[in-house]
Amino acid sequence: MRTVEIIVPVYNEEEGLNRFYQAVNEVLKTLEEYDCSYLFVNDGSSDRSIEVIRQLAAADERVKYLSFSRNFGKEAAIYAGLQHCDADLAILIDADLQHPPELIPEMLGSVTCEGWDACGAKRAPGTFSRLFTSINNKMSTVKLQTGATDYMCMNRKFVQAVLSLCENQRFSKGLFAWVGYRVKWLDYVQGPRTVGRSKWNFRKLLSYAIDGLTGFSVIPLRVVSWAGAAICLLAVIYIIATLIKTLINGIDVPGYATLLVVLLFMGGIILLSVGILGSYIGRIFMESKNRPLYLLDETNLEKDSDRDKDER
Ligand code: UDP
Ligand code: MG
């Protein structure tokens with residue numbers, strides 16, 4: 001019998017966790033040909049999520065959990081979940097029921113019977129997501145699927161490949177695309193959150209998008225170089241023209257507007273370039289520390305309870 005692990009990142013989901021567990025359980029009941037278990041990853045929730053998870057674990061031995069020492073972010077939770085999963089198949093799913101558990105049987109079927117390496121869910125993308133994906137796909141060799149989510153079922157090979165990418169600043173959607181294995185996409189309609197709040201706001205989304213871009217492409221750096229080269233060329237033409245004009249007409253004093261425009265424009269371009277350079281240097285800085293992606297505080301996985309806590 002194939003084993004399946006349902007990996008659930010959890011951050012302040014106390015209100016919805018029981019309902020989530022019941023909804024997934026309904027679906028798992030229909031899947032007798034698989035041996036399913038849960039792996040909740042409590043990402044440093046500040047509410048009672050961990051207590052709810054402990055109760056679930058006490059009542060159902062298929063429920064395993066990891067709990068972080070603080071909030072390390074969903075990407076770290078996904079990484080930890082995959083790292084501690086030793087089932088044949090892993091399913092990543094959000095705890096807020098925005099990822100319909102009804103898709104699980106079809107996902108499992110696609111990977112086990114149809115020979116796909118992974119099966120993910122995609123939804124109709126919002127404007128921001130569409131814009132980001134199209135910019136990313138123009139700039140990067142790693143092409144993203146529009147509307148793709150990280151609700152995904154993957155086989156061992158896929159999980160191992162994702163884990164082998166051990167960078168600190170993770171952008172899972174990009175990593176899943178980077179590994180290149182065959183992914184089938186199922187369409188779904190995403191409902192609103194029933195309880196709790198989304199952890200995203202515009203600022204977080206924007207920095208996530210910038211992380212995604214700078215993590216997978218150095219084209220922004222090249223664009224800046226090309227812009228610099230183009231401006232140099234224009235400047236040379238302008239210098240020659242001014243020299244000739246001065247030689248013919250003598251010194252022409254007015255020119256305040258031109259000076260100001262050129263100065264401001266150049267200042268803008270230089271600051272922009274420094275900013276782009278800076279974001280890459282920032283990434284190098286963060287990676288060079290080589291810190292663990294998360295720290296475990298508590299788990300009911302036997303083999304990990306006494307394992308070194310600060311492993312990556
Ligand atoms: N999550 C997490 N750590 C965080 C933020 C979110 O583990 O720092 C979890 C959250 O509990 C949920 C999933 O990631 O299970 C998706 O979060 P959310 O619903 O806020 O994101 P959205 O659906 O708006 O993309
Ligand atoms: Mg959500």
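Both ligands and their constituent atoms are indexed starting at 1 by order of listing. In this text, all values refer to a predicted model and were calculated from it rather than measured experimentally.
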Write out the residue and atom name of the closest protein heavy atom to atom 17 (O) of ligand 1, then the distance separating them to 0.1 Å. Arg193 NH2, 4.1 Å

Heavy atoms only, cut-off 4.0 Å: how does Asp43 contact ligand 1, side chain, backbone, both, or neither? side chain

Atom 16 (C) of ligand 1 has as its nearest protein heavy atom Asp94 OD2, 3.1 Å

Using a 4.0 Å cut-off to any heavy atom of Asp96, which atoms of ligand 1 qualify? 19 (O), 23 (O)

Looking at Phe265, I'd like to know if its CZ atom is crowded, meaning that more than 12 non-hydrogen atoms belonging to other residues, nucleotides or ligands lie closer than 6.0 Å. no

State, to 0.1 Å, how close Asp150 and Lys173 come at their nearest heavy-atom pair, and which atoms those are. N-CE, 4.4 Å

Note: Asn12, heavy atoms under 4.0 Å from ligand 1, region reported as neither

Short list, please: which atoms of ligand 1 are under 4.0 Å from a heavy atom of Gln98? 19 (O), 23 (O)

Honestly curious: do Ile78 and Phe68 fall in one hydrophobic cluster under the side-chain, below-4.5 Å linking rule? yes

Which of the numbered atoms in ligand 1 are under 4.0 angstrom from any heavy atom belonging to Asn71? 3 (N), 4 (C), 8 (O)

Give the residue, atom name and distance (to 0.1 Å) of the protein heavy atom nearest atom 22 (P) of ligand 1. Trp200 CD1, 3.6 Å

Should Gln190 be counted as touching ligand 1, given the test is an N or O pair under 3.5 Å? no

Can we say Arg123 and Asp187 salt-bridge, meaning some charged N sits less than 4.0 Å from an Asp/Glu carboxylate O? no

Give a yes or no on whether Asp96 keeps an N, O or S atom under 2.8 Å from the Mg ion (ligand 2). yes

Is there a continuous path of hydrophobic side-chain contacts, each under 4.5 Å between heavy atoms, that joins Leu28 to Ile7? no

Around atom 1 (N) of ligand 1, find the nearest protein heavy atom and jot down its residue, atom name and distance. Tyr11 CB, 3.7 Å

Are Leu89 and Val24 connected in a single hydrophobic cluster, I mean Ile/Leu/Val/Met/Phe/Trp/Tyr linked by side-chain heavy atoms less than 4.5 Å apart? yes

Give me the nearest non-hydrogen protein atom to atom 24 (O) of ligand 1 as residue plus atom name, then the distance to 0.1 Å. Ser198 OG, 2.7 Å

Going by the order shown, which atoms of ligand 1 are within less than 4.0 Å of some heavy atom of Val10? 7 (O), 11 (O)

At under 4.0 Å between heavy atoms, what of Glu13 touches ligand 1? The answer is side chain

Please report whether ligand 1 has a polar contact with Pro9, defined as an N or O pair separated by less than 3.5 Å (distance criterion only). yes

Around atom 20 (O) of ligand 1, find the nearest protein heavy atom and jot down its residue, atom name and distance. Lys199 N, 2.7 Å

Are Asn155 and Tyr181 close enough that a side-chain donor and a side-chain acceptor fall under 3.5 Å? no

Under 6.0 Å from the six-membered ring centre of Phe72 and within 45° of its axis: does the NZ or CZ of Arg70 meet both? yes

Heavy-atom contacts with Ala95 under 4.0 Å: which atoms of ligand 1 show up? List them by number with element. 15 (O)

For the residue pair Ser172 / Glu75, report whether a side-chain donor-acceptor contact shorter than 3.5 Å exists. yes

Would you please say whether a donor-acceptor pair under 3.5 Å links the side chains of Tyr294 and Gln83? yes

What protein heavy atom is closest to atom 14 (O) of ligand 1, reported as residue, atom name and distance in Å? Lys74 CD, 3.2 Å

Quick one: do the Arg54 and Asn42 side chains pair a donor with an acceptor below 3.5 Å? no

